[in-house]
Colleague: 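Take a look at the following structure, please.
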Amino acid sequence: MRNLSDKVVVITGGNSGIGKAAAQLFAKEGAQVVITGRRQDALDSVVKEIGSNTIGICGDVADISHHNAVADEVQRKFGRLDVYMANAGYIHLTSTDAVSVEEYDRHFAINTRGVFFGVQAIAPLLGAGSNIILTSSMAATKVLDNHAVYAGSKAAIAAFARNWALEFKAQGIRVNVLSPGPIETPILSKLGVAETEQPRFLEMMAGMIPAGRLGRAEEVAEAALFLASASGSFVNGVELIVDGGMALT
Ligand code: NAD
């Protein structure tokens with residue numbers, strides 16, 4: 001049921017962290033994987049690592065023309081798409097009084113607008129039995145210190161998914177949200193937490209999780225595979241929270 005043989009998958013931000021783990025797992029399950037990201041060298045190295053069933057497309061999800069280029073390339077190379085995982089994301093923790101207009105716009109351009117126009121560009125390539133996975137965050141629903149802008153930019157994702165699950169029903173496209181809690185990926189070193197504070201911050205996060213530890217990218221990738229594959233064929237319009245139970249605390 002979890003096999004993705006001959007499925008064509010696009011994963012935005014597939015050159016790092018959760019996106020990379022999903023790309024590796026999906027390829028292992030037989031998918032043709034297209035990963036996108038901003039850094040060509042990181043894309044090249046992940047494509048090389050995964051192998052011949054992977055291609056990389058460099059670009060910025062905040063740039064609408066990038067999404068059209070991805071759709072054009074997928075159409076040209078495969079003629080269709082089976083799974084679109086909108087995973088690229090940005091976070092910089094700041095208290096509300098210190099949020100600049102530029103930082104506000106950056107969060108929404110990447111986390112919100114980038115998802116919306118990515119789906120708009122790619123939806124015509126998705127057919128019956130296909131699905132969309134939108135990566136949000138448990139921070140969209142749980143209040144955490146200095147998360148207001150990030151949480152706001154991710155909160156829109158659940159609303160997009162609920163609307164699209166009905167809007168795309170005639171095409172047979174399922175749409176679900178994947179909301180990780182704190183996961184050990186490179187994003188944790190880009191939060192804006194001072195390097196000296198980093199160990200205390202991560203320990204504090206782990207202490208809020210019933211599992212007593214942060215999650216691993218591979219654990220989120222497994223949840224993504226469930227949604228992407230036939231295992232999740234009757235799952236539509238839901239938010240799957242993968243946080244070791246942190247939302248409960
Ligand atoms: P990561 O930093 O390892 O990966 C982020 C990816 O997004 C990278 O591939 C990066 O190139 C890409 N990206 C960022 N800005 C981009 C842009 N403008 N254009 C194109 N690509 C861009 O982090 P991650 O933890 O793997 O994050 C993946 C997703 O999971 C993000 O949406 C993030 O918000 C979400 N998330 C992560 C955590 C966590 O604790 N790691 C928790 C909740 C949600």
Side-chain angles (χ1 to χ4, degrees), residues 10-25 33-47 49 56-67 69-70 85-93 102-103 105-118 121 133-142 144 147 149-158 160 177-193 198 201-202 204-206 208-209 211 213-221 223-224 239-244 246-247:
V10 169
I11 303 173
T12 71
N15 60 12
S16 177
I18 293 166
K20 179 182 171 187
Q24 287 171 318
L25 182 60
V33 182
V34 179
I35 57 172
T36 75
R38 263 175 320 174
R39 289 174 298 128
Q40 187 66 57
D41 56 336
L43 279 172
D44 290 346
S45 121
V46 174
V47 165
E49 211 179 304
I57 303 175
C58 195
D60 184 342
V61 294
D63 174 4
I64 310 298
S65 67
H66 167 62
H67 297 298
V70 172
M85 182 170 173
N87 163 80
Y90 173 74
I91 178 169
H92 188 89
L93 300 181
E102 289 73 23
E103 268 300 311
D105 285 347
R106 189 169 168 73
H107 279 86
F108 279 80
I110 296 171
N111 296 343
T112 319
R113 196 179 76 196
V115 170
F116 188 92
F117 288 100
I133 300 168
L134 308 176
T135 307
S136 178
S137 168
M138 55 85 70
T141 45
K142 183 176 177 66
L144 297 165
H147 274 67
V149 172
Y150 175 72
S153 70
K154 288 288 192 180
I157 299 304
F160 290 165
V177 177
L178 186 59
S179 286
I183 309 297
E184 285 181 52
T185 72
I187 214 169
L188 294 183
S189 60
K190 303 179 223 159
L191 299 175
V193 176
Q198 192 76 355
F201 176 78
L202 296 180
M204 187 261 295
M205 282 287 180
M208 292 172 75
I209 303 172
R213 63 169 176 86
L214 304 189
R216 294 186 294 275
E218 293 73 20
E219 294 175 302
V220 184
E239 178 175 10
L240 179 53
I241 299 176
V242 184
D243 70 344
M246 183 174 172

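Counting starts at 1 for both ligands and their atoms, following the listed order. Note: hydrogens, waters and symmetry copies are ignored here, and every other heavy atom, side chains too, is used. All residue numbers in this chain count up from 1 along the given sequence.
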Colleague: I need the nearest protein heavy-atom contact for atom 10 (C) of ligand 1: residue, atom name and distance, please.
Modeller: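 Here the closest protein heavy atom is Asn15 OD1, 4.1 Å.
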Colleague: Which protein heavy atom lies closest to atom 43 (C) of ligand 1, and at what distance to 0.1 Å?
Modeller: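 Looking at atom 43 (C) of ligand 1, the protein heavy atom closest to it is Pro180 O, 3.2 Å.
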Colleague: Note the single closest protein heavy atom to atom 16 (C) of ligand 1, along with its residue, its atom name and the distance in Å.
Modeller: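 Atom 16 (C) of ligand 1 sits closest to the protein heavy atom Arg38 NE, 3.4 Å.
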Colleague: Taking Ser136 for its side chain and Lys154 for its backbone only, find out whether a donor-acceptor pair lies under 3.5 Å.
Modeller: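 Looks like yes, one N/O pair under 3.5 Å.
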Colleague: Mind checking whether Gly37 has an N or O less than 3.5 Å away from an N or O of ligand 1?
Modeller: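 For ligand 1, there is no N or O atom that lies under 3.5 Å from one belonging to Gly37.
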Colleague: Hey, is ligand 1 close enough to Ser16 that some N/O pair sits below 3.5 Å?
Modeller: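 Between Ser16 and ligand 1, an N or O pair is found under 3.5 Å apart.
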Colleague: Return a yes/no value for Val61: is any of its N or O atoms, backbone included, closer than 3.5 angstrom to an N or O of ligand 1?
Modeller: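 There is such a contact, yes.
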Colleague: Pairs of nitrogen or oxygen atoms closer than 3.5 Å, one from Tyr150 and one from ligand 1: do any exist?
Modeller: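 It does: an N or O of Tyr150 is found under 3.5 Å from an N or O of ligand 1.
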Colleague: Which is closest to atom 6 (C) of ligand 1 by heavy-atom distance: Gly13, Pro182, Gly118?
Modeller: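 Ranked by closest heavy atom to atom 6 (C) of ligand 1, first place is Gly13.
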Colleague: Would you check whether Thr36 has a nitrogen or oxygen atom less than 3.5 angstrom from a nitrogen or oxygen atom of ligand 1?
Modeller: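 By distance alone, the answer is no.
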Colleague: Applying a heavy-atom cut-off of 4.0 Å, say which part of Asn87 lies close to ligand 1: side chain, backbone, both or neither.
Modeller: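 Looking at Asn87 and ligand 1, atoms from backbone and side chain both fall under 4.0 Å.
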Colleague: Which residue supplies the protein heavy atom nearest to atom 30 (O) of ligand 1, what is that atom called, and how far is it?
Modeller: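 Result: Thr135 CG2, 3.5 Å.
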Colleague: Mind checking whether Asp60 contacts ligand 1 via backbone (N, CA, C, O), side chain (CB onward), both or neither, at a 4.0 Å heavy-atom cut-off?
Modeller: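 Both parts.
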Colleague: Is it the side chain (CB and beyond), the backbone, both or neither of Thr185 that lies under 4.0 Å from ligand 1, heavy atoms counted?
Modeller: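 Within the 4.0 Å criterion, Thr185 contacts ligand 1 through side-chain atoms alone.
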Colleague: Looking only at side chains, do Gln24 and Glu218 share a donor and an acceptor under 3.5 Å apart?
Modeller: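 Looking only at side-chain atoms, Glu218 and Gln24 do not form any donor-acceptor pair under 3.5 Å.
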Colleague: Measuring from atom 35 (C) of ligand 1, which candidate in Gly89, Ser136, Ser137 has the nearest non-hydrogen atom?
Modeller: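 Going through Gly89, Ser136, Ser137 one by one, Ser136 has the nearest heavy atom to atom 35 (C) of ligand 1.
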Colleague: Give the residue, atom name and distance (to 0.1 Å) of the protein heavy atom nearest atom 13 (N) of ligand 1.
Modeller: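 Nearest protein contact, heavy atoms only, for atom 13 (N) of ligand 1 is Ala88 CB, 3.8 Å.
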Colleague: For ligand 1, does His66 get within less than 4.0 Å through its side chain, its backbone, both, or neither, judged by non-hydrogen atoms?
Modeller: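 The answer is neither; His66 stays 4.0 Å or more away.
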Colleague: Considering only non-hydrogen protein atoms, determine which one is nearest to atom 38 (C) of ligand 1 and report residue, atom name and distance to 0.1 Å.
Modeller: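 For atom 38 (C) of ligand 1, the nearest protein heavy atom comes out as Gly181 O, 3.9 Å.
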Colleague: Report yes or no: does His92 contribute a side-chain atom to a donor-acceptor pair with the main-chain N or O of Glu103 at less than 3.5 Å?
Modeller: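 Side chain of His92 to backbone of Glu103, a donor-acceptor pair under 3.5 Å: no, none is there.
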Colleague: Looking at every heavy atom in both Lys142 and Met246, which two are closest together, and how far apart are they?
Modeller: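 Between these two residues, the closest heavy atoms are CE-O, 3.5 Å.
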Colleague: With a cut-off of under 6.0 Å to the ring centre and 45° to the axis, is Arg106 in cation-pi contact with Tyr90?
Modeller: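 Yes, cation above the ring, under 6.0 Å and within 45°.
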Colleague: Nearest protein heavy atom to atom 39 (C) of ligand 1, by residue and atom, and its distance?
Modeller: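 Its nearest protein heavy-atom neighbour is Ile183 N, 3.5 Å.
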Colleague: Where is the nearest protein heavy atom to atom 27 (O) of ligand 1: which residue, which atom, and how far?
Modeller: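 Ranking protein heavy atoms by distance from atom 27 (O) of ligand 1, first comes Ile187 CD1, 3.9 Å.
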Colleague: Using a heavy-atom cut-off of under 4.0 Å, does the side chain or the backbone of Arg39 touch ligand 1, or both, or neither?
Modeller: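 The answer is neither.
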Colleague: Do Leu188 and ligand 1 have an N or O pair less than 3.5 Å apart?
Modeller: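 For ligand 1, there is no N or O atom that lies under 3.5 Å from one belonging to Leu188.
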Colleague: Which of the numbered atoms in ligand 1 are below 4.0 angstrom from a heavy atom of Lys190?
Modeller: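 By the 4.0 Å cutoff, the relevant atoms are 2 (O).
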